[in-house]
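Here is the structure we will look at, set down as C-alpha cells.
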Amino acid sequence: MSIRGLFCAVDGSLGFAVIAALKIVLVASETAPFAKTGGLADVVAALARTLHRQGHDVRVFLPLYGSLLDDGHDIIPVEGLSGIRLDYADRSVTCGVSTATLPNSERDDGTALDVEFIDCPELFHRDGYYTSDPDEHLRWATLCRGMLEALRLSDWAPDVVHCNDWHTGLVPLYLRTTYSGVENFAGTRTLLSIHNMSFQGTFDADVVRDLGLSEVQDMFHQDHLAQGRVSYLETGILYASWLGTVSETYAVEIQGEELGMGLDPLLRARSDQLVGIVNGVDVDEWSPDRDTLIPHPFSAADLAGKTRCREALLDRFGIAHDPDAMVVGIISRLTAQKGFELLPDVLPELLEQGRIRLVVLGSGEERYERYFQSLHDAHPAAVGVYLGFHDELAHWIEAGADLFLMPSRFEPCGLNQMFSLRYGTVPLVRHTGGLADTVQPWDMDAGTGTGFVFHDFTLEALAGALDQALEAWEDRSSWATLMQNGMAMDYSWERQSEQYLDLYQRMVGT
Ligand code: GLC
C-alpha cells in the first residue's frame with residue numbers, strides 16, 4: 001500500500017511524496033488513556049494515533065493491568081490469541097491478547113486503531129503498574145515475548161518495532177536470539193526510545209538464568225554481569241537497530257557522564273545511530289480555542305477568554321484576585337528530577353510581597369507534597385495546591401496561569417512547557433533537555449523569544465529569571481507579544497511524527 005505523505009527535504013522545505021505505508025509496532029508499559037503515570041503514555045498514544053491516521057499499519061502493545069478491568073474500558077479477547085505459553089527457567093506463564101479501541105483515533109475512512117493488551121493476570125494484576133516484586137523481571141520479559149508471539153501467531157511482519165524505555169529493552173535481544181529464525185521478523189528493525197535515563201531496569205545477574213537465557217548469557221554486558229547485575233535498558237541499547245530519545249539536547253546530554261547515568265560510554269559508541277526527536281503535542285486535546293475542559297475558550301487573536309480562565313482558576317482555589325500579581329502554575333510529577341529544591345528560597349518572599357500567586361497540581365514524593373502543602377498553609381489566599389492527578393485541572397492551569405514554572409534538573413523532553421506555549425502561559429524553564437529545545441529566551445528589545453530560560457541549577461539563576469519575568473510582566477503590551485510568540489509555535493504531532501517517519505524509513509532502508 002502507498003500513501004501520500006508530507007516529507008521534509010534536506011534543505012528544510014516541506015513537500016508531498018508518495019511513500020510506502022509502513023508496518024509499525026509501538027510497545028510500552030503505558031498508553032493513555034488506558035494506563036498513565038507520565039508523559040510516556042501521552043507520547044505513545046499520540047504517535048500511534050498520528051501514524052494510523054497517516055495511513056500506516058500500526059499495532060500498539062501494553063500489559064493488561066488489573067485496574068483496566070475496573071475502569072470500564074471495553075476490552076475484548078482476541079480470538080486465536082489465547083493460551084500462549086511462555087517458558088522461563090523455573091516457571092511457565094500463559095498469556096493471551098485482548099483489544100480495545102484507542103479513543104479519537106478514527107481515520108477519514110472511519111477506521112479506528114485498536115490497542116492490544118498482553119493479558120497475563122498472574123503477572124499484571126498487581127497493585128500499580130510497576131512493582132518491586134521478586135518476579136518484576138518476568139513481568140516485562142512477558143510483555144516483550146507476549147508481543148512477539150502475538151505478531152508471530154497472527155503472521156504479521158513488522159517493518160519497525162518501536163520500543164519505549166527499559167520495560168521493552170529485551171525485544172531487540174529476543175529478536176536476535178529466540179526469534180532469530182522466525183521469517184516474519186527477518187526484515188524487522190528495532191528502535192529503542194529512551195524517555196528517561198534514570199530508570200534502567202537493573203536486576204541481579206541471576207535473572208539471566210531465570211529468564212531461561214543462560215545459553216546466550218555472553219550477549220549481556222559482560223563487565224556488568226561479572227559485577228552481578230544486568231540492565232534491560234543497557235541490553236536494549238546494545239542490540240536495538242537504532243536508538244532514540246525525546247529531544248535533541250537530551251540526545252547529546254546522555255552521552256555525557258552526568259546525565260548518561262552510567263550508560264554514556266555505550267551511547268557514545270553508538271552515537272551514529274542515536275537520534276533526538278522532540279515529542280509532539282496532541283492538538284485535539286491541547287488547543288485553547290476548542291478545549292472543552294476549560295471554562296472560556298480563547299485564541300491568540302482574542303485573549304479575552306484567557307483573562308476569564310485566570311479568574312475562574314483563582315476562584316476554584318479560593319485565591320484572592322489581583323490583576324498585578326502574576327499567576328504562576330506548576331503541573332508536575334513531584335520528584336527530584338523536577339528541581340523543586342530551588343523553590344523554598346525564592347517563592348516565600350515573592351508571595352509575601354504579593355507579586356505572585358501560585359497554583360500547583362502534582363503528586364509524587366512526600367517531601368515535595370509536604371512542602372507545597374506547607375506553602376499553602378502559610379499563604380492560603382495566594383497559594384492553591386491539589387495533590388494528585390486531575391486532567392481537567394491541568395487544562396484549567398494551562399489556560400489560567402500567566403507563567404509556567406519548570407526548573408527541572410534534567411528533562412528528557414517535557415510536555416507541559418509545550419502545552420503552556422499553546423495556551424499563552426509563558427514558560428520559565430531551566431536550559432536542559434527538551435526545555436532547551438522548545439523554549440527560546442525572551443528578548444524584550446527585539447520582541448523575539450517565547451519564555452524565560454536559566455542555565456545553572458542555582459538559586460541565583462532561578463531568582464534572576466523570575467526577576468526578568470516579573471519585570472517583563474510590568475509591560476503588558478510586550479508581554480502580549482511574548483504570549484503570542486509562544487502561541488505561534490507548532491509542536492504538533494502532525495509535524496513531529498514526520499521526523500519519526502523519516503527515521504523509520506532510514507531504518508528500513510538500511
Ligand atoms: C519522561 C520524561 C519527560 C518526557 C516524557 C515523554 O516522563 O521525564 O521529560 O517528556 O518521558 O517522553
Side-chain angles (χ1 to χ4, degrees), residues 26-51 60 62 129-130 162-169 191-201 233 236 243-254 258-261 263 274-282 285-286 330-340 361-365 368 389 394 398 404-422 427 429-439 453 457 491-493 496-497 499-500 503:
L26 282 157
V27 55
S29 58
E30 300 186 17
T31 300
F34 302 105
K36 169 170 168 171
T37 66
L40 168 68
D42 294 321
V43 168
V44 174
L47 179 59
R49 200 180 271 136
T50 311
L51 294 168
V60 182
L62 76 155
Y129 309 147
Y130 310 110
H162 183 163
C163 307
N164 292 275
D165 278 348
W166 72 263
H167 315 92
T168 59
L191 169 66
L192 173 63
S193 276
I194 302 167
H195 296 259
N196 199 326
M197 284 302 289
S198 59
F199 303 111
Q200 300 187 358
L233 184 65
L243 305 170
T245 187
V246 287
S247 68
E248 286 167 41
T249 297
Y250 196 58
V252 174
E253 288 170 338
I254 57 178
E258 190 192 343
L259 294 183
M261 302 190 174
L263 298 183
L274 169 60
V275 178
I277 300 177
V278 169
N279 288 328
V281 173
D282 184 343
E285 196 187 341
W286 294 101
I330 290 176
I331 305 171
S332 187
R333 283 184 288 119
L334 302 180
T335 65
Q337 173 193 340
K338 302 294 178 176
F340 297 127
L361 165 63
S363 63
E365 289 176 36
Y368 302 114
F389 178 78
E398 290 295 6
F404 193 84
L405 189 55
M406 224 165 153
S408 305
R409 269 177 202 280
F410 69 93
E411 196 61 73
C413 179
L415 294 171
N416 279 299
Q417 83 280 10
M418 294 193 275
F419 304 156
S420 298
L421 289 170
R422 289 182 68 77
V429 302
R430 177 149 180 269
H431 189 272
T432 181
L435 301 178
D437 291 349
T438 55
V439 182
V453 182
F457 189 75
Y491 291 110
S492 63
W493 269 114
Q496 302 307 101
S497 67
Q499 299 181 48
Y500 275 106
L503 175 58

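Index from 1, following the sequence. Whatever order the structure lists them in is the order used to number ligands and atoms, beginning at 1.
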- Note on the structure: Taken in chain and number order and not counting sequence neighbours, the residues that satisfy side-chain hydrogen bond (donor to acceptor under 3.5 Å, both in side chains) with Glu398 are Ser420

- Atom of Glu248, atom of Val278 and distance for their closest heavy-atom approach: N-CG2, 4.4 Å

- Taking the side chain as C-beta and beyond, is there a heavy-atom pair between Leu415 and Val281 under 4.5 Å? no

- Query: For the residue pair Trp493 and Tyr500, does the interplanar ring angle fall in the parallel (under 30°), tilted (30 to 60°) or perpendicular (over 60°) class?
  - Reply: tilted

- Between Phe419 and Trp286, is the gap from one ring center to the other below 6.0 Å? yes

- Query: Which protein residues have a heavy atom closer than 4.0 Å to any atom of ligand 1, listed by chain and number?
  - Reply: Gly39, Leu40, Val43, His195, Asn196, Val246, Asn279, Arg333, Gln337, Glu411, Pro412, Cys413, Gly414

- Message: Assess whether a salt bridge exists between Arg430 and Glu411, defined as any Lys/Arg side-chain N lying under 4.0 Å from an Asp/Glu carboxylate O.
- Response: no

